[in-house]
Asker: 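Take a look at this one; I'll ask things after.
So that the names make sense, note that chain A is the first sequence line, chain B the second, and so on, each numbered from 1.
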Amino acid sequence: MSKLLPREQITAALEAANTNNKVALVPFITAGYPDKDAFISTLKAIATEGDVVEIGVPFSDPMADGVTIQRSSHAAIAAGVSLHWILDELTAAEDLGAPVVLMSYLNPLLAFGYEALAKQCIAAGVCGFIVPDLPWEESAEFRAVMDKYGLALVQLVTPVTPDDRLEMLCKGSQGFVYAVTITGITGGDVALPPTVTDYLDQVKSHTSVPVCAGFGVRHASQVENLGHHANGVIVGSALVEQLEAGADPAPFLRDLRS
Amino acid sequence: MSKLLPREQITAALEAANTNNKVALVPFITAGYPDKDAFISTLKAIATEGDVVEIGVPFSDPMADGVTIQRSSHAAIAAGVSLHWILDELTAAEDLGAPVVLMSYLNPLLAFGYEALAKQCIAAGVCGFIVPDLPWEESAEFRAVMDKYGLALVQLVTPVTPDDRLEMLCKGSQGFVYAVTITGITGGDVALPPTVTDYLDQVKSHTSVPVCAGFGVRHASQVENLGHHANGVIVGSALVEQLEAGADPAPFLRDLRS
Amino acid sequence: YAPETLVPALSRLADNVYRYLADDDFMAHLDQQLSTWVGRPTALTHAQGLSKRWGAEVYLKREDLAHTGAHKINNALGQALLAQEMGAKRVIAETGAGQHGVATAAACARVGIPCTVYMGAVDIQRQAPNVDRMHQLGARVVAVESGDKTLRAAIDEAFRNWVADPDGSYYLLGSAVGPHPYPYLVQRLQSVIGSEARSQILDQTGSLPDVAIACVGGGSNAIGLFHPLLADESIALLGVEAGGHGPALGDNSATLAAGKPGVLHGSYSVLLYDNDGQIQDTHSVSAGLDYPGVGPEHSLLQALGRVNYVSATDTDALNALQECCAAEGILPALESAHALAGARAWAKDNQGKAILIGLSGRGDKDMPTLSQHIPSPLGEDKGARADD
Amino acid sequence: YAPETLVPALSRLADNVYRYLADDDFMAHLDQQLSTWVGRPTALTHAQGLSKRWGAEVYLKREDLAHTGAHKINNALGQALLAQEMGAKRVIAETGAGQHGVATAAACARVGIPCTVYMGAVDIQRQAPNVDRMHQLGARVVAVESGDKTLRAAIDEAFRNWVADPDGSYYLLGSAVGPHPYPYLVQRLQSVIGSEARSQILDQTGSLPDVAIACVGGGSNAIGLFHPLLADESIALLGVEAGGHGPALGDNSATLAAGKPGVLHGSYSVLLYDNDGQIQDTHSVSAGLDYPGVGPEHSLLQALGRVNYVSATDTDALNALQECCAAEGILPALESAHALAGARAWAKDNQGKAILIGLSGRGDKDMPTLSQHIPSPLGEDKGARADD
C-alpha cells in the first residue's frame with residue numbers, strides 16, 4: 001500500500017472489504033475516551049474489526065453531534081485530549097493495519113495551522129479528514145493543503161441535499177462519501193424505508209469512491225440491509241456507548257457483521 | 001350644671017380648673033383599651049383626675065394619629081369596640097363627674113347617622129366631638145346637627161395654620177380650641193421654645209373659649225410650662241402607654257399636675 | 001376631609017396646580033419630558049388575535065410600554081416637575097404593589113429630588129423586585145409596620161410624615177384619590193392616555209370606538225382614559241373593578257358595586273366599610289386594585305350614569321391575561337387584565353363593535369403571583385435529541 | 001461554516017431574506033407592526049444628569065422602552081413575520097439570559113406560530129422570571145442539559161433540532177452571529193435603531209453626534225446602531241465589550257480585544273479559544289454579553305478601523321448602571337451599562353462632545369444579580385413617626 005496516496009489508502013481499504021463480499025465497517029471513537037491511557041489499545045482493537053477507523057477530535061461545541069458524542073467529547077477535553085496529543089500518540093504507535101480518518105470541527109484545525117497539521121498527519125499515518133462544519137463553498141483553502149499532501153477531505157451528504165449539490169459533493173469527495181441521514185433509525189431492525197435506499201442509490205450513482213452510511217447502526221440486521229445500498233457503514237454512538245459502559249468493543253463490532 | 005348646654009359644660013369644666021389656678025387636664029383614652037370590660041372603670045379613674053375626658057372612638061385608618069393610638073385603635077376594634085358600644089356603655093354608666101368629648105374620624109359618624117348620633121350622645125352624656133378629618137369647610141352639615149343638640153364641635157388648629165384661618169377656626173370652635181403641634185416635644189422637660197409659646201398666645205388671642213394644647217405631654221414640668229400659655233393640656237399617647245403597660249392611670253395623671 | 005395640619009399645604013398645592021397646569025412653559029416642558037423620557041405617545045395596538053376571538057375590533061392603549069412599565073409614570077413625572085417648581089426639598093410617596101413607588105423613584109431621580117417611599121411591610125415581602133428597583137433608582141424605602149401593613153397603612157404613614165414637614169416635603173400621591181387637589185391633579189396628568197388614544201384610533205380607523213374600557217382601583221388610569229372621551233357621547237364607558245373571589249364583603253375590591261359614600265384618606269367618595277364605619281379589608285389577586293376606596297370623580301360619573309361600572313373576578317382576570325398573552329404576545333398587568341375580562345364580556349353582548357381598552361401596565365411584576373396560579377412547565381420536558 | 005444538513009435550509013432562508021426585505025408590502029407591514037405593537041420609534045432621551053456629570057451632551061437611544069424590554073424584539077418580530085411568509089409550522093430559538101426567548105415568544109404569539117425555546121439548564125435556574133414570562137407567552141421552553149448548559153449549548157441544541165426538521169421549522173436566531181444569512185438579516189432588522197436615532201438627534205440638536213457607543217456581545221444592538229451611521233464619517237463609533245474580572249483569558253467576554261479568527265456556530269469571525277482550538281469559557285456579570293464569539297461584521301469593522309472596540313469591566317458596568325439610575329431615573333440592563341461605562345471613559349478624554357449611547361434594554365431582569373452586588377437597604381430603617 002505504500003505507493004498509494006493516503007486518501008487512496010482509504011478507498012482501497014473499503015473496496016477490499018467489498019471484494020470479500022462484505023460491507024465495510026467504519027468504527028468511530030472519540031479520541032482518548034473513556035480512558036486516555038487506553039487510546040492506542042482501543043484503536044488497535046477496533047482497527048482489527050474495522051476496515052477504516054474514524055477518530056473523533058473532541059471539540060467544546062460539537063453542534064452537529066448527538067448527546068453521546070457530546071458527552072464523550074467534553075470528558076476527553078477535560079482529560080487533556082487535544083489534536084496535538086492525538087497526533088503525537090498516533091505517531092508513536094505501531095501501524096494499526098487500517099487507515100485512520102480524523103473527524104474534527106474546523107476550529108481545532110485552524111488553531112493547529114493547516115500546513116503543520118498535514119505534515120504531522122503524514123507522520124502519524126492519518127489519511128484524511130471529515131469536517132462537519134466546513135461546507136464545500138468554504139473549503140478551498142483547506143482542500144488545497146489536503147491535496148498537496150494527498151490527504152482526503154471526506155464530504156458529507158444528507159437526504160435534504162438538492163440533486164445538483166449532491167452531485168457536486170459526491171464528485172468532490174475524497175476517500176469515500178459520508179452519507180448521513182437526519183432522522184436516524186436508531187435501534188430497531190426493520191427493513192430500510194424506500195426513501196433511504198433511493199437516497200443511497202442516488203449517492204452511489206454520482207461517485208466513483210465508496211459510499212459509507214452513518215445511521216446510528218446498532219444491529220447486525222441493519223448492517224446487512226445497508227450493505228445492499230452502501231459500501232460501508234459507520235458505527236459511532238453505539239460504539240461510544242459500549243466504551244462508556246466499559247465493554248470490549250471488538251465482539252460488538254464483530255457481531256455487527258456476523 | 002344642668003342648665004348649661006353640653007358644649008358649655010366643657011368650657012365650664014376647663015374654666016373651673018383655671019379658677020383654682022391650675023392648668024386643666026384633659027386625659028385621652030382609646031375606648032375599651034386595653035380591656036373592654038374595664039372601660040367604664042378606667043373612665044371613672046381618669047375623670048377623677050381630669051377636668052374633661054376625651055374618649056377615642058377606634059378607627060381602622062387613624063391617619064392623623066401616631067403609632068401608640070393606631071395600635072390601641074386596632075386592638076379595640078378587634079375586641080369589638082364600636083361607636084354603638086361606646087354610647088351604650090356611657091348611657092348605662094353613672095355620671096362620671098367630668099364632661100366627655102369623643103374623638104372620632106368622620107366615617108364612623110357617617111355610618112351612625114348624624115341625627116341618631118346626636119340624640120344618643122345626649123342620652124349618654126357626651127358633650128361634644130373632635131373630628132380630625134373634618135376640616136371647617138366640609139363641616140357645615142355636621143355642625144348644624146351639633147348645634148341643634150348643643151353639642152360641641154371642637155376645632156383643631158396647628159402651628160402651620162395661617163393667621164386668617166387660625167382666627168376663623170378659633171372663633172368657630174366650641175367647648176375649647178384644640179391646639180396641636182406637629183413636631184411634638186415628646187419626652188424631655190426643657191423649656192418651651194418661643195415658637196410654641198408665641199403660637200399658643202396667638203391662639204388664645206383669637207378665642208373666648210379655653211385653649212387646650214396637645215404636645216405628647218409626659219412630665220409635670222411640661223404641664224407647668226404649658227400652663228402659662230394654655231388653659232389645658234391633653235394627655236394622649238403617654239396615658240395610653242400607661243394603660244398598655246397595665247399601670248393605674250390615676251397616679252400618673254395626678255403626678256402631672258403635682 | 002384632610003387633617004387641619006395639611007390644610008395649608010393642600011391649599012398651597014392647589015394654588016400651584018392651578019398655576020402650573022395653566023402655564024405654557026411648564027406644560028411644554030412636561031410634554032417634552034413625556035415624549036423624550038417616558039416614551040410617549042405610547043402605541044395603540046390593533047389586537048388582531050383578540051378581535052378574531054371576541055368578534056369585535058379590539059384596540060389596546062399600551063401604557064405597559066411607558067417608562068417603568070405602567071401609566072403611573074405620567075402622574076409621577078408631572079408631580080415631580082411640580083415639586084421641583086414648588087422648591088420641595090424631598091418627595092414622599094406611598095406605594096402598594098410598588099409600581100407607583102418605582103415610577104416616583106424614577107421621576108425623582110430624573111428631576112433630581114431625594115425621595116422616600118412608604119410601603120407596607122407585607123407588600124414589601126410580596127413585591128421584593130419592585131422594592132429593589134426603587135432602591136436602585138435611589139429611593140429610600142420605609143417599611144410601614146402599622147395597621148394592615150399594606151397600601152392603606154402606607155398612605156396613612158405618608159400623610160403622617162407629610163404632616164411633620166408640610167412645606168419642605170412634597171407628597172406625591174399615586175392615584176386619583178385623597179384630598180383635593182389630588183384627584184383633579186392626577187386626572188389632568190393621566191388624561192394624556194385618553195387624549196392620545198382618541199387621536200390614534202381616529203388615525204388608524206377613521207372613527208371613534210363604541211366603548212372604552214379600563215380597570216378601576218383608585219381609578220387613575222381609568223379617569224385618564226375616560227376624561228378626554230366624556231364629551232363624545234357616542235362612546236360608552238366601562239370601568240371594571242376587582243371582583244376578587246366573589247360578591248361577599250371582604251372578598252373583593254369592587255368599591256362602586258358594593259360600597260357606600262364615606263370618608264377615607266381625605267376624600268369623600270364611595271368606600272367599602274362595615275356598619276360601624278370601619279374600612280373593610282379587601283381582596284383582589286391584583287395588588288394594584290386592592291384598595292377599599294375609589295377616586296371621587298368615579299363616584300360622580302357613576303351617579304351621573306356616564307360611566308358604567310362592573311366587576312371581573314380573579315379567575316376572569318387570570319383567564320383574560322392568558323388569552324392576551326396567547327393571542328397578542330403581550331403580558332398585561334393583572335390590573336389591566338380586569339379591563340380585558342370586562343371587554344371580553346362586553347364583546348359577547350355587542351358583536352362587531354370597536355373596543356378601546358386601557359392596558360394600564362405590563363405583567364412582569366406579577367410573575368410570582370401568576371406562577372402560583374398558572375403552573376410552570378419546567379422539568380416536564382428536557383427536549384428530544386437526534387443522535388448521530 | 002454550517003453543517004451540510006443545514007446548507008439547503010440556509011440557502012432557502014437567504015433567498016427569502018433577499019426577497020422579503022426588498023418587498024414593499026412586507027416592509028410596510030413590518031413597519032406598521034413595529035409602530036403599533038413594539039412601540040417604535042423608541043424615545044431618544046437627552047440625559048441631563050449624565051451630561052452634567054460627564055461634561056458632555058449625552059443622548060440615550062431607549063430600546064428599554066420597546067415591547068418586552070430590549071432591542072431583541074425588533075429582530076424577533078421581523079423574523080417571525082418572515083417565518084410566517086415562509087409557511088413555517090413552528091419556530092425554534094435559543095436564549096441565554098432569556099431576553100431573546102421572551103421576545104421570540106411574544107412575536108410568535110402575535111404572529112400565531114408555535115414556538116420552542118432552547119435554554120441552558122444553568123441559565124434556566126439563573127433567569128427564572130424570564131422562563132416564566134416565556135411560558136406565559138405560550139412558548140415551550142426546553143432545558144438544555146448538554147455542554148456548559150448555557151447559551152453556547154442552547155445554540156448547539158437549537159441548530160441540532162433545526163437539522164431534524166429544516167423545512168417545517170424556522171430557526172429564529174437572536175444575534176448577529178451564526179451562518180449566513182443570519183448576520184445580514186439581524187443587522188437589517190436592527191438597523192431601525194440607528195436610523196431612528198440619527199433622525200431623532202438631528203431633530204433635537206440640529207447636528208449629528210460626535211460618537212455613537214453600544215455594547216457588544218454577539219453584537220446585534222451595536223450593529224443596529226452603527227450600520228446606519230457608517231457613512232457619516234464624522235461620527236466615531238465605539239463598541240464596548242464585557243471586560244469581566246480582567247484581561248486574563250476566561251475572565252472576560254472581550255472577544256474582539258482578546259480573540260483570534262475562528263469558526264463557531266456556523267460563522268467565521270473573531271473568537272475566544274485556546275491553543276487547541278477549544279472555545280473558551282467566558283465571564284461577564286452580564287449574561288447577554290457572556291458569549292465567546294462576535295458577529296462577523298464587527299470583525300470586519302474592526303479590521304477596517306471604522307469601529308473602535310474597547311472593554312468595560314464588571315465593576316465599571318455596575319458603577320455606570322448605578323450612575324444612570326441616580327442621574328436619569330433609568331435602570332439600564334447590565335449589557336447596556338457597558339456602553340454607559342465606555343461612554344463615561346470616552347467623555348473624560350473628549351469633553352463637551354455629543355455622545356449617542358445605545359441603551360439596549362432595561363435592567364429589571366438583572367435585579368437578582370444587582371441585589372448580590374449592591375446591597376438592599378431593607379430592614380435598615382423602619383421609619384420615624386410623629387406621636388400625638
Asker: Among residues two or more places apart or on two chains, list those pairs meeting salt bridge (Lys or Arg N to Asp or Glu O under 4.0 Å) that have a residue in residues 273-286 of chain D.
Answerer: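 Sorted pair list: D/Arg152-D/Asp281.
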Asker: So, taking the atom named CG in A/Asn107 and the one named OH in D/Tyr1, what distance separates them when rounded to the nearest 0.5 Å?
Answerer: 11.0 Å
Asker: Of the backbone (N, CA, C, O) and the side chain (C-beta and beyond), which part of A/Leu169 lies under 4.5 Å from a heavy atom of chain D, both, or neither?
Answerer: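 It is the side chain, since no backbone atom gets that close.
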Asker: Which heavy atom of A/Asp61 sits nearest to which heavy atom of D/His265, and what is that distance?
Answerer: OD2-NE2, 4.1 Å
Asker: Does D/Arg160 reach the side chain of A/Gln70, with side-chain heavy atoms less than 4.5 Å apart?
Answerer: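 Answer yes - side chains close enough.
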Asker: Please give me the minimum heavy-atom distance between D/Pro8 and A/Thr161, naming the atom from each residue.
Answerer: CG-CA, 4.1 Å
Asker: Taking all non-hydrogen atoms of both residues, which atom of A/Phe59 and which atom of D/Ile279 are closest, and how far apart?
Answerer: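 Closest approach of A/Phe59 to D/Ile279, heavy atoms only: CZ-CG1, 3.7 Å.
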Asker: Quick one: CE on A/Met63 to CH2 on D/Trp162, what's the gap to the nearest 0.5 Å?
Answerer: 9.0 Å
Asker: Enter the distance from D/Leu6:CG to A/Asp133:CG here, rounded to the nearest 0.5 Å.
Answerer: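 If we round to the nearest 0.5 Å, D/Leu6:CG and A/Asp133:CG are 11.0 Å apart.
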Asker: Would you name the heavy atoms of A/Leu110 and D/Gly262 that are closest together and state the gap between them?
Answerer: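 In this case the closest contact between A/Leu110 and D/Gly262 is CD1-CA, 3.7 Å.
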Asker: How far apart are the closest heavy atoms of A/Ala64 and D/Pro3, and which atoms are they?
Answerer: CB-CG, 4.1 Å
Asker: Of the backbone (N, CA, C, O) and the side chain (C-beta and beyond), which part of D/Leu271 lies under 4.5 Å from a heavy atom of chain A, both, or neither?
Answerer: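 Contact with chain A is through the side chain of D/Leu271 alone.
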Asker: Once salt bridge (Lys or Arg N to Asp or Glu O under 4.0 Å) is applied, do any residues pair with A/Glu244, and if so which ones, sequence neighbours excluded?
Answerer: A/Arg71
